[in-house]
Enquirer: 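Could you have a look at this structure, given as structure tokens, before my questions?
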Amino acid sequence: MIKRFIKDTDKPEEDALYAVLQTMSAFKGPATSAEANRHKERIFRNLNARIAQEPPRLKPFRKIRIFGQVAAIVILLISVGIGSYKMAQTETEVLRASMVELFNPAGSITTLYLPDSTKVVLNHNSKIVYPSFFANHERRVKVEGEAFFEVTKDTERPFLVETSGLDIRVLGTKFNLEAYEDDSETMLSLLEGKVEALSKIGECEHLLVTKGQQLILDKKNGTLQKQNIQMNAFPQWQKGELIYRNESLKRIFKDLEHRFNVNIEITNEGIGEQHYFVSFRNGESLEQILTLLSYRKNWVFKKDNNQIKVIYR
């Protein structure tokens, strides 16, 4: 449309502008700074030549004004061309990066490697969503359930983990994240390195977590609690082991529900507040675990398919 307009007019300034438009094809492909400079120099040479050939009827200030307008257009077109290319490149990356969603059902533990070689072990009834490749500025994944991460260090691209209530930012570390949707708490346990955690509930509290610390988010009120943990009590479910050090029975039952895909109903809150020091390392069945937990205690369990009821003796 612009070319057609210029062709139909005999104004000198419009004729000079036509030389600028001839370079537009240079921005159809990748444009480097060197290429842009070469095009710019050629354009200015052509414009100077055209201005020098203009009829004497044009006054000097007219020439300067025309040259200033055209020069501004040249710079604008070059900027738009390079900017458009970078924007198109970013949009192309987004379109090419298809999302991968992996759900791990009860009864299995899955190990996978992300596009940056980060190792992820996905627990029972857990899901992870990640792109087929990471962008240039960050590495972002989403988790529902429990996962253990060994993050590949990359100082230029932070690793970001999103959950329903907590966002985590790391550069390179090992940590365990428990973020089941139906649980009242989200727990982050750090084995190595340090991470930044941001609560998305309540006042959006921000905390730094370091090696040997555990962060607990209460999803009901949005409060964050940080505490030290013994390294020998660090979650070992990825090895098939269940280790508890002064853990409430209510919390243990949550793990068993996810591991064995059952629903455990506690008929009295007092039972759930009992605390245990116990380890299961030999692939015990659900019935074996419940039998050992209830041994010489004041409660028993009754199982009906995937429904389990815990009652006083």
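Small disclaimer: the values here were computed from a predicted structure and weren't measured.
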Enquirer: So, the side chain of Thr152 versus the backbone of Thr118: is there a donor-acceptor pair under 3.5 Å, distance only?
Expert: yes
Enquirer: I'd like to check Ile243 versus Val278 (side-chain heavy atoms, cut-off strictly below 4.5 Å). Are they in contact?
Expert: no
Enquirer: Is a side-chain N or O of Glu257 found less than 3.5 angstrom from the main chain of Ile264, in a donor-acceptor match?
Expert: yes
Enquirer: Do Met187 and Phe253 belong together in a cluster built from hydrophobic side chains that touch within less than 4.5 Å?
Expert: no
Enquirer: List for me each residue that meets salt bridge (Lys or Arg N to Asp or Glu O under 4.0 Å) alongside Glu273, sequence neighbours excluded, and say none if there are none.
Expert: Lys250
Enquirer: Run the salt-bridge test on Lys239 and Glu241 with the 4.0 Å N-O cut-off and return the result as yes or no.
Expert: no
Enquirer: Indicate whether the side chain of Ser248 and that of Tyr276 have a donor and an acceptor atom separated by less than 3.5 Å.
Expert: no
Enquirer: Would you check if the side chain of Asp154 reaches a backbone N or O of Pro158 as a donor-acceptor pair within less than 3.5 Å?
Expert: no
Enquirer: State, to 0.1 Å, how close Ser189 and Ile229 come at their nearest heavy-atom pair, and which atoms those are.
Expert: CB-CD1, 4.1 Å
Enquirer: Taking the side chain from Lys226 and the backbone from Leu208, do they hold a donor-acceptor pair closer than 3.5 Å?
Expert: yes
Enquirer: Please test Asn104 against Thr110 for side chain to side chain donor-acceptor pair (under 3.5 Å), starting from the C-alpha separation and ending with a verdict.
Expert: CA-CA 7 Å; Asn104 200 40; Thr110 301; 2.6 Å; yes
Enquirer: Step through the shown structure and confirm whether more than 12 heavy atoms of other residues, nucleotides or ligands are within 6.0 Å of CZ on Arg169.
Expert: no
Enquirer: Is there a path of hydrophobic side-chain contacts, each under 4.5 Å between heavy atoms of I, L, V, M, F, W or Y residues, that connects Ile308 with Leu242?
Expert: yes
Enquirer: Pair Glu144, Ser164 - check side chain to side chain contact (heavy atoms under 4.5 Å, CB included), show working.
Expert: CA-CA 8 Å; Glu144 293 180 13; Ser164 59; over 6 Å; no
Enquirer: Treating Ser126 as the side-chain partner and Leu122 as the backbone partner, does any N or O pair qualify as donor plus acceptor under 3.5 Å?
Expert: no
Enquirer: Nearest 0.5 angstrom please: Ser132 OG to Leu114 CG, how far?
Expert: 11.5 Å
Enquirer: Do Asp167 and Leu160 have side chains that get closer than 4.5 Å, going by heavy atoms?
Expert: no
Enquirer: I want to check something: taking the side chain as every heavy atom from C-beta on, are Asn246 and Phe277 in contact at a cut-off of under 4.5 Å?
Expert: yes
Enquirer: Is it true that, when you exclude Lys303 itself, more than 12 heavy atoms of the residues, nucleotides or ligands shown sit nearer than 6.0 Å to its NZ?
Expert: yes
Enquirer: Run the salt bridge (charged side-chain N to carboxylate O under 4.0 Å, His left out) check on Lys219 and Glu185 step by step: do they pass?
Expert: CA-CA 6 Å; Lys219 293 195 290 187; Glu185 296 177 336; over 6 Å; no
Enquirer: If every non-hydrogen atom of Asn261 is compared with every non-hydrogen atom of Asn306, which pair is closest and at what distance?
Expert: O-CB, 3.8 Å
Enquirer: Any donor-acceptor pair under 3.5 Å linking the side chain of Arg139 with the backbone of Arg157?
Expert: yes
Enquirer: First locate atom CG of Asn176, then atom CG of Leu190, and finally report the distance between them rounded to the nearest 0.5 Å.
Expert: 10.5 Å
Enquirer: Side chain to side chain contact (heavy atoms under 4.5 Å, CB included) between Tyr180 and Asp255: does it pass, once the steps are laid out?
Expert: CA-CA 10 Å; Tyr180 286 101; Asp255 288 347; 5.8 Å; no
Enquirer: Give a yes or no on whether the backbone of Val143 and the side-chain of Thr163 come within a donor-acceptor separation of less than 3.5 Å.
Expert: no
Enquirer: Over all heavy atoms of both residues, which pair between Glu284 and Arg281 is shortest? Give the atoms and the distance, please.
Expert: OE1-N, 3.6 Å
Enquirer: Do the charged groups of Lys153 and Asp116 touch, with an N to O distance under 4.0 Å?
Expert: no
Enquirer: State, to 0.1 Å, how close Ser184 and Lys220 come at their nearest heavy-atom pair, and which atoms those are.
Expert: CB-CE, 4.2 Å
Enquirer: So do Val300 and Ile311 actually touch side chain to side chain, heavy atoms under 4.5 Å?
Expert: yes
Enquirer: For Lys309, I'd like to know if atom NZ has over 12 heavy atoms of other residues, nucleotides or ligands within 6.0 Å.
Expert: no
Enquirer: Under a 3.5 Å cutoff, is there a donor and acceptor pairing between the side chains of Asn123 and Gln238?
Expert: no
Enquirer: Looking at Tyr244 and Ser279, would you say the former's side chain and the latter's main chain have a donor-acceptor pair under 3.5 Å?
Expert: no
Enquirer: Decide yes or no on side chain to side chain contact (heavy atoms under 4.5 Å, CB included) for Trp237 and Val121, but give the supporting numbers first.
Expert: CA-CA 10 Å; Trp237 56 263; Val121 186; 3.8 Å; yes
Enquirer: How many angstroms lie between atom NZ of Lys302 and atom CG of Leu290, to the nearest 0.5 angstrom?
Expert: 14.5 Å
Enquirer: How about Glu156: does its CD atom have over 12 heavy atoms from other parts shown lying under 6.0 Å from it?
Expert: no
Enquirer: Is the closest side-chain donor-acceptor distance between Asn298 and Gln274 under 3.5 Å?
Expert: yes
Enquirer: Parallel under 30°, tilted from 30 to 60°, perpendicular over 60°: which one fits the rings of Phe159 and Phe134?
Expert: perpendicular
Enquirer: Minimum heavy-atom separation for Glu287 to Thr291, with atom names?
Expert: O-OG1, 2.7 Å
Enquirer: From Glu146 CD over to Lys254 NZ, what is the distance, rounded to the nearest 0.5 angstrom?
Expert: 13.0 Å
Enquirer: When you measure from the side chain of Asn125 to the backbone of His258, do you find a donor-acceptor pair of N or O atoms at a distance under 3.5 Å?
Expert: yes
Enquirer: Are the side chains of Asn305 and Val262 in touch, meaning some heavy atoms are under 4.5 Å apart?
Expert: no
Enquirer: Can you check whether Phe175 reaches Val209 side chain to side chain, under 4.5 Å on heavy atoms?
Expert: no
Enquirer: So, for Ala197 and Leu215, which heavy atoms are closest and what is the spacing to 0.1 Å?
Expert: CB-CD2, 3.4 Å
Enquirer: Measuring from atom CG of Asp218 to atom CD1 of Ile201, what distance do you get when rounded to the nearest 0.5 angstrom?
Expert: 8.5 Å
Enquirer: Would Lys119 and Phe148 count as a cation-pi pair here, with the cationic atom under 6.0 angstrom from the ring centre and within 45° of the axis?
Expert: no
Enquirer: Please check if atom CZ in Phe103 has more than 12 non-hydrogen atoms from other residues, nucleotides or ligands closer than 6.0 Å.
Expert: yes
Enquirer: Whether the Trp299 and Asn268 side chains hold a donor-acceptor pair (N or O, under 3.5 Å, no angle test) is what I'd like checked.
Expert: no
Enquirer: Working to the nearest 0.5 Å, report the span between CG of Leu198 and CG of Leu207.
Expert: 9.5 Å
Enquirer: Do Leu188 and Val195 come close enough that some side-chain heavy atom pair is under 4.5 Å?
Expert: yes
Enquirer: Applying the 4.5 Å side-chain criterion to the ILVMFWY set and letting contacts propagate, would Tyr113 and Ile109 be lumped into a single cluster?
Expert: no
Enquirer: Under 3.5 Å, side chain of Gln213 to main-chain N/O of Thr210, donor-acceptor pair present?
Expert: yes
Enquirer: Kindly determine whether Phe301 and Leu293 satisfy side chain to side chain contact (heavy atoms under 4.5 Å, CB included), including the steps that lead there.
Expert: CA-CA 10 Å; Phe301 67 94; Leu293 290 175; over 6 Å; no
Enquirer: I'd like to check Ile216 versus Thr186 (side-chain heavy atoms, cut-off strictly below 4.5 Å). Are they in contact?
Expert: no
